[in-house]
Undergrad: 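Before we start, here is the structure in question, set down as structure tokens.
One-based numbering along the sequence shown.
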Amino acid sequence: MSIKRPARTIDENPVSLGLISRFLRVPGTTAKTGAVIYEDTRIPGMLWELFDSGSSASNLPASGETLFHILYVQNENDSIVEVEDGSWPIHPGDSVCIGGSPHVSISPGVLALLVRSETRSETEFALPSHGIETFDGFNRRTTYEAGEHFSFERWKLTQPQTIEIEANQAAAMVVIFGNISFIADGIVETLGAGESVVCTKKRVRLIPDGLAYIALVLTEVH
């Protein structure tokens, strides 16, 4: 089967601010959901998750290559990411890539999409960036600097879009906003905000129901 939903783990955290439930409306979550973690056997050694930093600064797991994409910040003027001896402001739409720093923390009140590889990268740290935008028709693609083991991009979709996947790649797709149908080889998966699919076919068709945003993680498979 070319498209399938990955395994999902709900991490309940008493200091969660309920950002996942309120902003992404992930089915089955509660106000105390700290993270929704996805993994799939076709992408070994990699996890991706929706992460609520909670009511106090959170230390992030960054033993391997880690990227986090900011979806929401409660405090627009005072949200930061701290890596070892430096700190930088973060805003919705920013992404930050970390090769494997032993110390990474993020401000309270932040909702982010994290992508984690168990493999350490030579990439030390990429400053928070709003990415590079290009257009395919009316659809907007934003690409971000990632490390050695995966690439990351976000799509704003208002019309159908075909995504090309290399023969040695797998794609993990996460719906950030709206509803969307994924089609490959006649197989259709329809997902809402916060849900995810994994695809290994060379071509997948994305059909939004109105406006939708997705995150796309591409990684090599062997």
Undergrad: Does any non-hydrogen side-chain atom of Pro6 lie less than 4.5 Å from one of Glu39?
TA: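 Contact flag for Glu39/Pro6 side chains = no.
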Undergrad: So with a 6.0 Å cut-off around CZ of Arg25, is the heavy-atom count from everything else above 12?
TA: no
Undergrad: Does the pair Glu195/Arg5 count as a salt bridge with the N-to-O cut at 4.0 Å?
TA: yes
Undergrad: Is it true that the side chains of Thr29 and Ser21 contain a donor and an acceptor less than 3.5 Å apart?
TA: yes
Undergrad: Thinking salt bridges, do Lys4 and Glu189 make one under a 4.0 Å N-O criterion?
TA: no
Undergrad: Over 60° means perpendicular and under 30° means parallel, so tell me whether His69 and Phe152 are parallel, tilted or perpendicular.
TA: tilted
Undergrad: Taking a hydrophobic cluster as the set of Ile, Leu, Val, Met, Phe, Trp and Tyr residues connected by side-chain heavy atoms closer than 4.5 Å, whether directly or through intermediates, do Leu191 and Ile207 fall within one such cluster?
TA: no
Undergrad: Would you kindly confirm whether Phe51 and Trp48 end up in one hydrophobic cluster when ILVMFWY residues are joined by side chain heavy atoms under 4.5 Å apart?
TA: no
Undergrad: Are there over 12 heavy-atom neighbours, none belonging to Leu211, within less than 6.0 Å of that residue's CG?
TA: yes
Undergrad: If only atom types and distance count, is the side chain of Thr33 paired as donor or acceptor with the main-chain N or O of Ala35 below 3.5 Å?
TA: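 Side chain of Thr33 to backbone of Ala35: no pair is present.
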Undergrad: Got a sec: does the CZ of Arg203 have more than 12 other heavy atoms crowding it under 6.0 Å?
TA: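 Atom CZ in Arg203 is not packed in, count stays at 12 or less.
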Undergrad: Side-chain heavy atoms under 4.5 angstrom apart, residues restricted to Ile, Leu, Val, Met, Phe, Trp, Tyr: same cluster for Ile70 and Trp88?
TA: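 In one cluster: yes.
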Undergrad: Are any side-chain N or O atoms of Thr66 and backbone N or O atoms of Ile98, one a donor and one an acceptor, separated by less than 3.5 Å?
TA: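 Pair absent, no side-chain N/O of Thr66 close to backbone of Ile98.
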Undergrad: Tell me every residue that passes salt bridge (charged side-chain N to carboxylate O under 4.0 Å, His left out) with Asp185, counting only those two or more places apart in sequence or in another chain.
TA: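 Asp185 satisfies salt bridge (charged side-chain N to carboxylate O under 4.0 Å, His left out) with Lys201 only.
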Undergrad: Without swapping roles, check the side chain of Asn75 against the backbone of Asp78 for a donor-acceptor pair under 3.5 Å.
TA: yes
Undergrad: So, the side chain of Ser53 versus the backbone of Gly109: is there a donor-acceptor pair under 3.5 Å, distance only?
TA: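 At least one qualifying donor-acceptor pair exists.
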Undergrad: Around Tyr38, counting heavy atoms of other residues, nucleotides and ligands shown, do more than 12 lie under 6.0 Å from its OH?
TA: yes
Undergrad: Please check if Leu114 and Ile20 belong to a single hydrophobic cluster, counting links between Ile, Leu, Val, Met, Phe, Trp and Tyr side chain heavy atoms closer than 4.5 Å.
TA: no
Undergrad: With sequence neighbours left out, what residues match Arg154 under salt bridge (charged side-chain N to carboxylate O under 4.0 Å, His left out)?
TA: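 For Arg154 there are no salt bridge (charged side-chain N to carboxylate O under 4.0 Å, His left out) partners, ignoring immediate neighbours.
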Undergrad: Is a donor from one side chain sitting under 3.5 angstrom from an acceptor on the other, for Thr162 and Arg205?
TA: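 A pair is found: one side chain offers a donor N or O, the other an acceptor, under 3.5 Å apart.
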Undergrad: Would you indicate whether the side-chain heavy atoms of Leu216 and Ile163 approach each other to under 4.5 Å?
TA: yes
Undergrad: Taking a hydrophobic cluster as the set of Ile, Leu, Val, Met, Phe, Trp and Tyr residues connected by side-chain heavy atoms closer than 4.5 Å, whether directly or through intermediates, do Leu19 and Val110 fall within one such cluster?
TA: no
Undergrad: Check whether any side-chain heavy atom of Phe150 lies under 4.5 Å from a side-chain heavy atom of Ser117, and answer yes or no.
TA: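 Yes, at least one pair of side-chain atoms sits under 4.5 Å.
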Undergrad: Can you tell which of Arg141, Arg140, Glu133 makes a side chain to side chain contact (heavy atoms under 4.5 Å, CB included) with Lys156?
TA: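 Testing Lys156 for a side chain to side chain contact (heavy atoms under 4.5 Å, CB included) against Arg141, Arg140, Glu133 leaves exactly one candidate, Arg140.
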